[in-house]
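Here the structure comes first, spelled out in structure tokens, and everything after it is commentary.
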Amino acid sequence: MSKIAFLGAGNMAAAMVEGLINSKAAAPTDILCYSASGRSAQALAARTGIQQATSLEDLTAEADTLIIAFKPQHLSTADAALTALTSGKLVISVLSGKRLETLSKVFPQARNVIRTMPNTPSQIGAGITPWCAARALSIEDRDTIESLLTAMGRQLEIAEDMMDSATAVSGSGAGFVFEFAGALCAAAENAGFDAETARTLSIETLLGSARLLARSPDSPETLRNKVASPNGTTEAGLNRMAEGDLRGLIRDTIEAARLRAIEVSQET
């Protein structure tokens, strides 16, 4: 893989850099980063051994791939010099809500522009990143994209008109899972456990259940039914969930997030 440049050095850039290095998809000497203030780039370079660029020109001079990883609201005020500096390069955006049409206007001379939607588990290499491209990809560019995104976990190419739904399901979905985990911890405490024990029981149950779901050919419903015995404790809890229309609540939660994602995309 040729040199990779990160414009922005926040949490998502750090997750990608660490994933690339840990998976040996790229060496620290092949990665550069730059941030407007210089502070976050300096910290990331010191922690990972990558190079800190001193300017946009320095950042893009030898890099063939540029990762746009600053705050989404800063895209509208991006340095005009990036138009020429990204000429012929592969530009990959991790900016939430920024559509390919908008990105292509900022980087009109890029050989291709990619929109991605990573989620926070990417920080530990356990993420899922949906993505789409502005134009048909060469074999080499597809390999580059898949290597970059696989360093954060799994990747999935989808149509752009599904990106807002992906934002709701996998992007925001991590937050919904964390909320459920918090609720399970609180319920465990209410059942009489101290906070530490409640957290251990709740988190290990979530981890084990997720691993079983990922490795089993069975559907979530089949696995659920294997836990529930007639007239048993699980069935009693599931009946209470059904009374509260848990599935309807989750459906409405995803829809609320999806509609907001559409609004954010239209603001660009």
Which heavy-atom pair separates [X] from [Y] by the least distance, and what is that distance?
| X | Y | result |
| --- | --- | --- |
| C33 | A41 | SG-O, 3.5 Å |
| L223 | S216 | CD2-OG, 3.8 Å |
| C132 | M163 | SG-CG, 3.9 Å |
| A228 | E235 | CB-N, 4.3 Å |
| I4 | A26 | CD1-CB, 4.3 Å |
| A151 | S23 | CB-OG, 3.8 Å |

Check salt bridge (Lys or Arg N to Asp or Glu O under 4.0 Å) between [X] and all other residues, then give those that pass, not counting sequence neighbours.
| X | value |
| --- | --- |
| D252 | none |
| E221 | R247 |
| R47 | E18 |
| E146 | R142 |

Would you give the length of the straight line joining atom [atom1] of [X] to atom [atom2] of [Y], rounded to the nearest 0.5 angstrom?
| X | Y | atom1 | atom2 | answer |
| --- | --- | --- | --- | --- |
| T116 | L156 | OG1 | CG | 12.5 Å |
| N22 | L20 | CG | CG | 9.0 Å |
| R224 | T234 | CZ | OG1 | 11.0 Å |
| N11 | S40 | CG | OG | 10.0 Å |
| I67 | I92 | CD1 | CD1 | 4.0 Å |
| K89 | T65 | NZ | OG1 | 9.0 Å |

So does [X] have more than 12 non-hydrogen atoms from other groups sitting under 6.0 Å from [atom1]?
| X | atom1 | result |
| --- | --- | --- |
| E255 | CD | yes |
| Q109 | CD | yes |
| I139 | CD1 | no |
| N231 | CG | no |
| E57 | CD | yes |

Q. Do R111 and D64 pass the salt bridge (charged side-chain N to carboxylate O under 4.0 Å, His left out) test, and can you show the C-alpha distance, the side-chain angles, and the key distance before you say yes or no?
A. CA-CA 10 Å; R111 73 171 178 271; D64 185 61; 2.6 Å; yes
(Q) Apply side chain to side chain donor-acceptor pair (under 3.5 Å) to residues T144 and S147 and explain how you reach the verdict. (A) CA-CA 5 Å; T144 295; S147 294; over 6 Å; no
Q) For E160 and R115, what are the C-alpha separation, side-chain angles and deciding distance, and is it a salt bridge (charged side-chain N to carboxylate O under 4.0 Å, His left out)? A) CA-CA 8 Å; E160 186 174 24; R115 175 184 176 185; 2.9 Å; yes
Q.
Using modelled atom types and a 3.5 Å cut-off, is there a donor and acceptor pairing between side-chain atoms of S35 and backbone atoms of G38?
A.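 Judged by distance alone, yes, a pair lies under 3.5 Å.
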Q. Within the side chain of T222, is there an N or O that forms a donor-acceptor pair under 3.5 Å with the backbone of D218?
A.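 No, T222 side chain to D218 backbone: no donor-acceptor pair under 3.5 Å.
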**Q.** For L82, the rest of its hydrophobic cluster, which grows through side-chain links under 4.5 angstrom
**A.**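 The other cluster members (ILVMFWY side chains, heavy atoms under 4.5 Å, direct or chained) are L7, L32, Y34, L56, L59, L66, I68, F70, L75, L85, V91, L95, L100, L103, V106, F107, V113.
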Q. Is the closest side-chain heavy-atom distance between I254 and F176 below 4.5 Å?
A.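 Touching, per the 4.5 Å side-chain cut-off.
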**Q.** Any residue meeting side-chain contact (heavy atoms from CB on, under 4.5 Å) with F193, in chain and number order, not counting sequence neighbours
**A.**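 Scan of F193 (side-chain contact (heavy atoms from CB on, under 4.5 Å), adjacent residues dropped) gives A188, T197, A198, L201.
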Q | Basic-acidic side-chain contact under 4.0 Å: D141, R135 | A |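 The answer is no: the pair does not qualify as a salt bridge.
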Q: Using a strict cut-off of less than 4.0 Å between a Lys/Arg side-chain nitrogen and an Asp/Glu carboxylate oxygen, indicate whether R260 and E263 qualify as a salt bridge.
A: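 Yes, charged N to carboxylate O under 4.0 Å.
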Q | Audit row: W131, I145, side chain to side chain contact (heavy atoms under 4.5 Å, CB included) steps and yes/no | A | CA-CA 9 Å; W131 62 274; I145 293 162; 4.0 Å; yes
Q: State, without any angle test, whether T129 and N119 hold a side-chain donor-acceptor pair at a distance under 3.5 Å.
A: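 N119 and T129 do not have a side-chain donor-acceptor pair below 3.5 Å.
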Q | Option among T102, D164, T167 that satisfies the side chain to side chain donor-acceptor pair (under 3.5 Å) test with S265 | A |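 The single option meeting the side chain to side chain donor-acceptor pair (under 3.5 Å) with S265 is D164.
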Q. V169 and F180: same hydrophobic cluster, using ILVMFWY side-chain contacts below 4.5 Å?
A.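 No: no chain of side-chain contacts under 4.5 Å links V169 to F180.
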Q | same_hphob_cluster(L149, M117) at 4.5 Å side-chain heavy-atom cutoff | A |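 L149 does not cluster with M117.
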Q) Hey, mind stepping through S202 and T205 against side chain to side chain contact (heavy atoms under 4.5 Å, CB included) and telling me if it holds? A) CA-CA 5 Å; S202 299; T205 298; 5.9 Å; no
